[in-house]
Amino acid sequence: MSEEEVKEEKKSGGKGLIIVLLVVVILLLVGIGVMAFLLLSGDKHSDDTSAGTEMHASAEHGSDDDHGEGDSDSHAKEYSSKYKQFEPPAPEAPPSYFTMDKFVVNFYGDGQAKFLAVDLKFMSYYSQLVSDTGEMEHLRPILKNDIERLLRNQHYNELTKPDGPDKLRAEILDVTRKVLEKHNIYPDLLEDVYMTRFVMQ
C-alpha cells in the first residue's frame, strides 16, 4: 500500500510540474508578443518624428512605398550618424563618376611583363562624393598612394587568370572604401570601380 501511495504522489507531482511549465511558457509567449508589439510601434513612431536627421531614405523616399514602388528605384543609403551626412540622390538620379589619374607601376611581372597600366573610374549615386569638388577629390593623394601600393604588389600570373582583373577591381574598391571609412565617409556610398584601361607590358 505504501508503494501505491508513492506512485500516486509521483503521478500527481508530475502533472503539477507539467501544468506549471505550461503556465510559464504561455506567460513567456504573451510577454514576448507584448514586447514585440511595443518595439514595432515604438520604431514606427520614432521614424515619424526623427526621420530626416539620421537616416536618408526614410524621410526623402518614404512616399515611394505608399505608391507601391518600394525602394528598388532609390539609390539612397541609410547609415549611421557617426559618418558624414550627404543629401540623398533622387530616385531617378544617374550615377556620377570620379576619374583617377592614370596608373603606371612596376609590378611582379613574373618574367612576362614589367609594367602594369590601369585607368580607373569610381561610381556613386552621391555626386557630393565623386564630383570635381567632392570628398574623393580631397582624398586623391591618399587614394593614389594606397592604390599604387596595391598595384605594385600584383603578380602577372594571377592577373592573367580569367577572374584576375575582377579580383583586382574588388581589391581596389576595398582599399578605396577603407580610405573613405577612415575619413568618416560611409564606404558603401561608393558603389563600384571600373577599369577603363588594363595593360600589362
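Quick note: numbers below take in every heavy atom, side chains included, and nothing from hydrogens, waters or symmetry partners.
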Quiz item: Of all heavy-atom pairs between Val104 and Ala117, which one has the smallest distance, and what is that distance?
Solution: CG2-CB, 4.1 Å
Practice problem: Taking Glu158 for its side chain and Gln154 for its backbone only, find out whether a donor-acceptor pair lies under 3.5 Å. | Solution: no
Self-check item: Backbone of Ile185 reached by a side-chain donor or acceptor of Glu135 within 3.5 Å
Solution: no
Quiz item: How about Thr99 and Lys121: does a side-chain donor come under 3.5 Å of a side-chain acceptor?
Solution: yes
Practice problem: Tell me, please, which residues at least two apart from Lys178 pass salt bridge (Lys or Arg N to Asp or Glu O under 4.0 Å). | Solution: Asp174
Quiz item: What pairs of residues pass the ring-ring contact (aromatic ring centres under 6.0 Å, His included) test when at least one of them lies in residues 150-192, not counting sequence neighbours?
Solution: Tyr79-Tyr186, Tyr83-Tyr186, Tyr108-His155
Quiz item: Between Lys77 and Glu191, is a salt bridge (Lys or Arg N to Asp or Glu O under 4.0 Å) present by the stated rule, with each step listed?
Solution: CA-CA 11 Å; Lys77 306 261 187 211; Glu191 299 276 343; 3.3 Å; yes
Quiz prompt | Listed partners of Arg140 passing salt bridge (Lys or Arg N to Asp or Glu O under 4.0 Å), at least two apart | solution = Asp101, Glu137
Practice problem: Go through the steps to decide whether Met136 and Val179 satisfy the test side chain to side chain contact (heavy atoms under 4.5 Å, CB included), and finish with yes or no. | Solution: CA-CA 9 Å; Met136 287 183 71; Val179 171; over 6 Å; no
Self-check item: Residues Glu148 and Lys144 bridged, charged N to O under 4.0 Å
Solution: yes
Exercise. Could you list who else is in Tyr194's hydrophobic cluster, with ILVMFWY side chains joined at under 4.5 Å, directly or through other members?
Key: Tyr97, Met123, Tyr125
Quiz item: Can you tell me how far CD of Glu78 sits from CG of Asp188, rounded to the nearest 0.5 angstrom?
Solution: 13.0 Å
Quiz prompt | Student check: side-chain heavy atoms of Leu116 and Phe198 closer than 4.5 Å | solution = yes
Quiz prompt | Lys182: partners by salt bridge (Lys or Arg N to Asp or Glu O under 4.0 Å), with sequence neighbours left out | solution = none
Quiz item: Of all residues at least two apart in sequence or in a different chain, which pass the salt bridge (Lys or Arg N to Asp or Glu O under 4.0 Å) check with Asp146?
Solution: Arg149
